[in-house]
Number of protein chains: 2
Amino acid sequence: MGRTPRNTLSSELIVRTAFELMESKGTDAFSLRGVAAELGVGPMALYTYFRNKDDLYDAVRDHLMGLLPAVPQDVSWPDQVRAVCRGLRLLMLQHPCLAQLLASRPLAGHETARVAEGLLGVLRAAGFDPETAARTHTTLFTYVLGATSWEIQMAAERRDPEAWRRLRTTMESLSARDFPTVVELAPELSRTTGGDEQFDYGLDLLLEGLRVRTPS
Amino acid sequence: MGRTPRNTLSSELIVRTAFELMESKGTDAFSLRGVAAELGVGPMALYTYFRNKDDLYDAVRDHLMGLLPAVPQDVSWPDQVRAVCRGLRLLMLQHPCLAQLLASRPLAGHETARVAEGLLGVLRAAGFDPETAARTHTTLFTYVLGATSWEIQMAAERRDPEAWRRLRTTMESLSARDFPTVVELAPELSRTTGGDEQFDYGLDLLLEGLRVRTPS
DNA sequence: ACGCCGTACTATACACTGTACGTTAACTGC
DNA sequence: GCAGTTAACGTACAGTGTATAGTACGGCGT
């Protein structure tokens with residue numbers, strides 16, 4: 001009897017299902033049991049393919065990094081850098097779970113290496129020495145990570161009416177005597193939280209600083 | 001009989017205990033039941049002071065932000081910015097739980113506002129218009145957040161021998177044909193992951209870009 | 001001085017979680 | 001046809017956050 005059919009699972013299938021569940025239910029609601037149920041399988045079946053939950057997280061993260069487009073080759077190197085950083089941000093915005101996956105685990109996996117290869121190649125081709133290229137790569141990557149994670153958090157907060165109301169009231173409870181600048185700039189602060197312009201502003205600051213260091 | 005003594009608890013006591021537990025046991029092992037046990041109290045007792053776990057997280061985060069030193073007043077504004085950013089990074093390194101607390105929740109609370117007030121005041125005093133000041137504040141904050149979170153993650157990975165070994169082997173499994181630059185720059189990449197110089201490099205890039213935009 | 005009431009805490013319970021352990025059924029090679 | 005490997009199973013455990021209901025104490029108005 002076909003009670004326990006074999007080879008109904010595979011790493012790819014599990015990763016795809018896990019990814020879809022993260023997207024639909026949210027990263028917090030994600031669970032191994034949820035994935036197993038979706039696949040019509042016991043929770044322990046997943047442990048044939050992944051050693052634990054973090055292992056599955058790593059696989060999903062690498063799968064997502066594989067969706068990043070290649071570096072455009074027909075533009076200047078600053079525009080190449082811009083393209084890579086904007087691409088990563090866009091991917092994180094489209095798939096908010098990626099932010100959490102990147103924040104809690106280090107880089108590992110072939111697709112992640114492919115992304116690093118692209119950015120490092122651009123910097124080396126621009127003439128930067130190995131150390132500067134590596135430093136710049138880390139800086140750009142962590143900036144994109146921090147800025148976009150923040151953007152996603154704030155957007156989520158804005159969608160939750162209860163949390164948003166509480167944030168506003170705490171803001172308004174600040175006395176203008178103790179926090180003159182925060183109170184004065186409140187509209188600007190809430191306007192500059194996220195958005196393309198905010199992201200590009202920080203990115204341009206970094207590129208400006210990089211331009212000064214450009215080798216001849 | 002003094003079976004159920006009153007007023008043994010307080011928000012401050014709970015926050016302090018929660019903070020200590022996060023520091024000693026690690027943020028992941030932190031739990032409401034752990035805090036309650038440490039206080040010799042039932043788990044539900046905490047709900048008199050906090051509406052849920054996230055509420056307690058917020059309070060601990062704000063408590064930690066209160067440990068940030070004030071902005072030095074006797075130096076140039078770029079050095080003031082540097083001091084604030086380095087101070088935040090240092091606090092995150094000393095208390096790794098702060099990284100997780102900042103990553104998963106937005107800014108709220110008086111101590112957090114105090115920090116924002118300091119940085120925004122510096123930027124306004126330097127002559128930046130409201131919008132640029134707000135944008136710069138967000139950029140600097142998210143950079144520090146991203147860079148330092150990353151640094152902490154990598155340091156943790158390095159301490160776990162099993163995870164570190166796996167990371168090395170995946171690195172070494174990359175063919176030099178497909179990933180020439182990554183393989184070539186492997187030593188630089190592992191050397192430039194974290195550390196004061198790496199952090200200051202990115203910070204200097206941002207300040208350089210800011211210098212160009214300095215109002216007269 | 002007395003009774004009331006809100007508040008601070010307890011007890012119980014539920015619906016989950018990740019995963020360790022032992023078992024069973026299906027496929028593979030001899 | 002039989003042995004061995006492997007994929008999936010079921011059970012169980014030690015946790016989690018928190019909803020709900022109950023209980024005893026402290027301070028209040030009279």
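Every chain is numbered from 1 and lettered A, B, ... according to where its sequence line falls, protein lines coming before strand lines.
B:A45 comes within 4.0 angstrom of a base, heavy atoms only. Heavy atoms of B:F50 sit nowhere under 4.0 angstrom from any nucleic acid atom.
Salt-bridge annotation for A:R82 and A:D204: present, with a side-chain N of the basic residue lying under 4.0 Å from a carboxylate O of the acidic one.
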For nucleotides 10-19 of chain D, give me one character per nucleotide, 5' to 3': B if any protein heavy atom sits under 4.0 Å from the base, S if the only such contacts are to the sugar-phosphate, - if neither. B-B---BBBB
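Atom CG in B:L9 sits roughly 16 Å away from atom P in C:dT7 (whole-Å rounding). Computed from coordinates, the B:L39 CG to C:dA8 C1' distance equals 14 Å when rounded to whole Å.
Partner of A:V60 under the side chain to side chain contact (heavy atoms under 4.5 Å, CB included) criterion, chosen from A:H95, A:R16, A:M65, A:M22: A:M22.
For the residue pair B:T136/A:Y201, the side-chain donor-acceptor check at 3.5 Å is satisfied.
In this view, B:A99 and B:M92, B:S149, B:I152 satisfy the side chain to side chain contact (heavy atoms under 4.5 Å, CB included) rule, not counting sequence neighbours.
Under the side chain to side chain donor-acceptor pair (under 3.5 Å) criterion, no residue pair touches residues 39-49 of chain A, with sequence neighbours excluded.
Aromatic pair B:F19/B:F30: ring centres not closer than 6.0 Å.
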